[in-house]
**Student:** 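Got a structure for you, written out below as C-alpha cells; questions coming shortly.
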Protein chains: 2
Amino acid sequence: MLGERDLDPDQYGTMPMVNKRSLAVLQECEDCPIKHRAVCARCEDDELQQLEEIKYYRKFEAGQTIIWSGDRMDFVGSVVSGIATLTQTMEDGRTQMVGLLLPSDFVGRPGRGAAAYDVVATTDLVMCCFRKAPFEDLMVKTPHIAQRLLEMTLDELDAAREWMLVLGRKTAREKIASLLSIIARRNATLHLSTTDGPLVFDLPLTREAMADYLGLTLETVSRQISALKRDGVIVLEGKRHVTIPDMSRLMDEAGDDADGGVFA
Amino acid sequence: MLGERDLDPDQYGTMPMVNKRSLAVLQECEDCPIKHRAVCARCEDDELQQLEEIKYYRKFEAGQTIIWSGDRMDFVGSVVSGIATLTQTMEDGRTQMVGLLLPSDFVGRPGRGAAAYDVVATTDLVMCCFRKAPFEDLMVKTPHIAQRLLEMTLDELDAAREWMLVLGRKTAREKIASLLSIIARRNATLHLSTTDGPLVFDLPLTREAMADYLGLTLETVSRQISALKRDGVIVLEGKRHVTIPDMSRLMDEAGDDADGGVFA
DNA sequence: CGGGGGGTTGATCTCCTTCAATCAACGTGG
DNA sequence: CCACGTTGATTGAAGGAGATCAACCCCCCG
C-alpha cells in the first residue's frame with residue numbers, strides 16, 4: 001500500500017511512545033498525545049477515569065479498512081496516530097472522499113447503529129476506541145464530552161462546507177493547490193511551526209486518494225501536480241515529499257485569500 | 001426576486017398563524033410550529049421559559065440578506081417558516097451554496113463571533129432569534145439544548161457529506177435529479193405524505209440558485225431540467241411547479257439506491 | 001409601451017475525462 | 001540473481017460534458 005520508507009514515520013501525529021508490540025503501555029490517558037484535542041479534551045480527572053474503563057486501543061495497518069459502510073458499529077473512538085479517510089461509494093464504483101481523519105479526530109456517530117461511510121487507514125494507525133453503549137450513557141451524564149463533541153462536529157461541518165466550494169467551483173489546479181495548502185497548514189499546526197518559512201511535508205495520500213478527495217481523475221491530479229512543480233509553486237522530491245517555498249503563492253493558486261484562515 | 005404568486009404560500013413550513021402585521025402573536029413557544037424539531041425540541045417547560053426570555057422574532061422578505069459573511073453575529077436562531085440559503089463566495093465572484101435552511105434549521109454557530117457564510121432568504125421568512133451571549137450561557141447550563149444541537153449538527157454534517165458526493169462525482173443530470181429528490185422528500189416529510197404516490201411541489205429556488213447549489217451554470221440547470229421533462233421523469237407546469245410521477249425513477253436518475261434513504 | 005428579472009435554447013470552445021502506453025520501484029519465486 | 005508481476009505514477013492523444021457567449025421568450029410591472 002503506502003511505501004512506508006518514503007515517509008517520515010512520525011509525521012502525522014505524535015507517535016505513541018511505544019513500539020508496535022506494546023500497546024499495553026498506551027493505557028494511561030495522562031500520557032495520551034491527543035488528550036488536549038480529542039473528544040475527552042474537556043474532561044475532568046474523574047470523567048477521564050470513567051472513560052478509561054470503557055476504552056481500548058486498536059491498531060490498523062496501512063490500507064486496512066477500519067469500518068465498512070453499512071456495518072453495525074459497536075464502538076466510537078479517536079484517531080491517536082496515523083491517517084484515515086472517510087469515503088462514500090456509488091453502486092457503479094464512483095467514490096468520493098468526504099473526510100480526512102487526522103490524529104485527535106473522532107470516528108463514529110453516537111446515536112447511529114450503522115456506519116454511513118467506509119473508513120480506511122491510509123497509514124498505520126492507532127485508535128482509542130470506546131464501547132458505544134457505555135459511551136452514549138456517559139455522554140448524557142457528562143456534558144463535557146457532548147460539549148467537546150459539538151465543537152468538533154461544528155468544525156467538521158465548516159471543513160465539509162469549505163470542501164463543497166472546492167468541489168463545486170474550483171478548477172483542477174485550484175483543487176490541488178487547496179488540498180496541498182490544507183495539508184501544509186494542518187501539518188504546521190501539528191508541529192507548531194510557523195507558516196511563513198518554507199513548509200515541508202510528505203503527502204499522506206496516493207494520487208488516486210487525492211483524486212477521490214477532489215472529485216478528479218488520478219491522471220488530472222498527476223498532471224496538475226506536475227504543472228505546479230513546473231511553475232515553481234511546489235518542489236517535489238520523489239513522489240511524496242513536498243516543499244512549499246512560498247505559502248502565500250500556493251494560497252493564491254488555491255483561489256483563497258492569502259491572508260491566512262478562510263474563517264478569519 | 002421570487003414571484004410569490006407562483007408559489008403555494010404555505011408550502012415551505014407551516015405558516016405562522018398570524019398575518020404579516022402581528023408578529024406579536026407568535027410569542028408563545030407552545031404554539032410554535034417547529035417546536036418538535038428545532039434546537040429547543042428537547043427542552044422542559046422551565047427551560048423553554050428561559051429561552052422565551054432571550055428570544056425575539058424577525059421577519060425577512062424574499063431576496064433579503066439575513067447575514068453577510070464576516071459580519072459580527074450577535075444572535076443565533078431557528079428558521080420558523082420560509083427558506084434561506086447558506087452561500088460562500090470567492091473573490092472573483094464564483095459562489096457555492098453550502099446549505100439550504102428549511103423550517104426548524106438552526107442558524108449561527110455558538111462560540112463564533114463572525115458569520116462564515118452569507119445567509120439569504122429566498123422566500124419570505126420568519127426567524128426565532130436568541131441573543132447570542134445569553135444563549136451560550138444557557139447552553140452550558142442546559143444540556144438539553146446542547147444535545148439537540150449536536151444531533152442537528154451531525155445531521156447537517158451527513159447532509160454536507162452527501163452533497164460532497166453530488167458535487168464531486170455526479171453528472172449534471174444526476175445532480176438535478178438529486179436536488180429534485182431531496183426537495184421532494186423533504187416536502188413529503190414536512191407534509192407527512194407518503195412517498196409512493198406522485199409527488200407535487202414548487203421549486204423554492206431560481207435556476208441560478210440551483211446552479212449555485214449544484215456547482216453548475218444556470219444554463220446547464222435549465223437544459224437538464226428540460227431533458228428530464230422531455231424524458232418524462234418530471235412534469236413541469238410553469239417554471240416552478242413540479243410533479244414526480246415515479247419517485248423511484250427519479251432516484252434512479254439521481255444515481256442513488258431507489259430503496260429510500262441513503263443512510264438507511 | 002419599455003424594461004427588467006427569470007428562463008430557454010443554440011453555437012462554440014475548453015477543460016477535464018477517457019483510453020492507453022510507458023516508467024520506476026519493489027517483491028517474489030524459480 | 002534475474003524475469004516477472006504489481007502498484008503507483010507520469011504523459012500523450014482523442015473525445016465529450018459542461019462552460020461560455022449570445023439571442024430570444026415570457027410575464028409582470030411601472
Side-chain angles (χ1 to χ4, degrees), chain A residues 1-7 61-63 92-96 120 122-123 166-177 202-230 234 236-242 253 255, chain B residues 1-7 61-64 90 92-96 120 122-123 166-177 202-230 234 236-242 253 255:
Chain A
M1 274 288 133
L2 196 60
E4 266 175 279
R5 68 205 56 66
D6 291 351
L7 300 180
E61 290 179 12
D92 62 7
R94 282 175 282 177
T95 70
Q96 174 66 50
V120 179
T122 61
T123 65
V166 172
L167 289 171
R169 292 302 183 192
K170 293 196 177 178
T171 64
R173 172 181 262 244
E174 288 170 333
K175 284 180 176 184
I176 297 290
D202 285 327
L203 288 170
L205 302 173
T206 64
R207 300 292 187 263
E208 187 181 21
M210 289 188 242
D212 282 345
Y213 208 154
L214 298 167
L216 297 170
T217 58
L218 68 92
E219 293 95 330
T220 300
V221 170
S222 183
R223 276 184 249 272
Q224 295 300 335
I225 288 181
S226 298
L228 289 175
K229 179 181 167 188
R230 240 193 329 277
I234 61 174
L236 261 188
E237 288 160 88
K239 321 262 181 210
R240 299 292 192 90
H241 194 75
V242 179
E253 294 284 357
Chain B
M1 272 284 133
L2 195 63
E4 267 176 278
R5 67 206 57 65
D6 291 351
L7 300 180
E61 290 180 13
Q64 211 179 337
M90 295 171 67
D92 61 8
R94 283 176 281 176
T95 70
Q96 174 65 50
V120 180
T122 62
T123 66
V166 173
L167 288 171
R169 292 301 183 193
K170 292 195 177 179
T171 64
R173 172 182 262 245
E174 288 170 334
K175 285 179 175 183
I176 298 290
D202 284 326
L203 289 170
L205 302 173
T206 64
R207 300 292 186 263
E208 188 181 21
M210 289 188 241
D212 282 344
Y213 207 152
L214 298 167
L216 297 169
T217 59
L218 66 90
E219 293 95 327
T220 300
V221 170
S222 183
R223 276 185 248 273
Q224 295 300 334
I225 288 180
S226 298
L228 289 174
K229 179 181 167 188
R230 241 192 328 277
I234 62 174
L236 261 188
E237 289 161 87
K239 319 267 182 205
R240 299 292 193 90
H241 194 74
V242 179
E253 293 284 356

**Student:** Is there a donor-acceptor pair under 3.5 Å between the side chain of A:Asp212 and the backbone N or O of A:Leu214?
**Tutor:**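 Not confirmed, A:Asp212 side chain does not pair with A:Leu214 backbone.
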**Student:** Which pair of heavy atoms, one from B:Leu218 and one from B:Ala211, lies closest together, and at what distance?
**Tutor:**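 Looking at all heavy atoms of both residues, the shortest contact is N-CB, 3.6 Å.
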**Student:** When you look at A:Thr206 and A:Arg240, which way does the side-chain contact (heavy atoms from CB on, under 4.5 Å) test go after all the steps?
**Tutor:** CA-CA 8 Å; A:Thr206 64; A:Arg240 299 292 192 90; 3.4 Å; yes
**Student:** Where is the tightest heavy-atom contact between A:Thr95 and B:Arg169, given as atom of each residue plus distance?
**Tutor:**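 Shortest heavy-atom separation between A:Thr95 and B:Arg169 comes out as O-NE, 2.8 Å.
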**Student:** Distance check needed: C:dC15 P versus A:Leu214 CG, whole Å only.
**Tutor:**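 So the two atoms are 18 Å apart, to the nearest Å.
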**Student:** Rounding to 10 degrees, work out the angle separating the end axes of the helix from C:dC1-D:dG30 to C:dG30-D:dC1 (five pairs an end).
**Tutor:**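 About 20°, once rounded to a multiple of 10°.
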**Student:** Could you check how far CZ of B:Arg240 sits from P of C:dG5, rounded to whole Å?
**Tutor:**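 That distance rounds to 15 Å.
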**Student:** More than 12 foreign heavy atoms under 6.0 Å from CD of A:Glu219: is that the case here?
**Tutor:**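 More than 12 within 6.0 Å, yes.
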**Student:** Starting at atom CD of A:Glu174, determine the distance to atom P of D:dA19, rounded to an integer number of angstrom.
**Tutor:**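 That distance rounds to 15 Å.
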**Student:** Atom NZ in B:Lys175, atom CG in B:Leu167: separation rounded to 0.5 Å?
**Tutor:**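 With rounding to 0.5 Å, NZ (B:Lys175) is 5.5 Å from CG (B:Leu167).
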**Student:** Figure out the CG/C1' separation between B:Leu203 and C:dG6, and round it to whole Å.
**Tutor:**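 B:Leu203 atom CG is separated from C:dG6 atom C1' by 13 Å.
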**Student:** Tell me the interatomic distance from A:Arg169, atom CZ, to D:dT20, atom C1', rounded to whole angstroms.
**Tutor:**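 One finds 13 Å between C1' of D:dT20 and CZ of A:Arg169, rounded.
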**Student:** Nearest-Å distance, CD (B:Glu208) to C1' (C:dG4)?
**Tutor:**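 The distance from CD of B:Glu208 to C1' of C:dG4 comes to 14 Å, rounded to the nearest Å.
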**Student:** Just wondering, do B:Ile225 and B:Arg207 contact through their side chains at under 4.5 Å, heavy atoms?
**Tutor:**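 B:Arg207 reaches B:Ile225 side chain to side chain.
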**Student:** Which parts of nucleotides 10-18 of chain D does protein reach within less than 4.0 Å, heavy atoms only, written one letter per nucleotide 5' to 3' as B for base, S for sugar-phosphate only and - for none?
**Tutor:** BBBB----S
**Student:** Only one of A:Glu174, A:Gln224, A:Arg173 clears side-chain contact (heavy atoms from CB on, under 4.5 Å) with A:Glu253; which?
**Tutor:**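 Result: among A:Glu174, A:Gln224, A:Arg173, A:Arg173 is the only option passing the side-chain contact (heavy atoms from CB on, under 4.5 Å) with A:Glu253.
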**Student:** Once you round it to whole Å, what is the distance between C1' of C:dG7 and NE2 of B:His241?
**Tutor:**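 So the NE2-C1' distance, B:His241 to C:dG7, works out to 18 Å.
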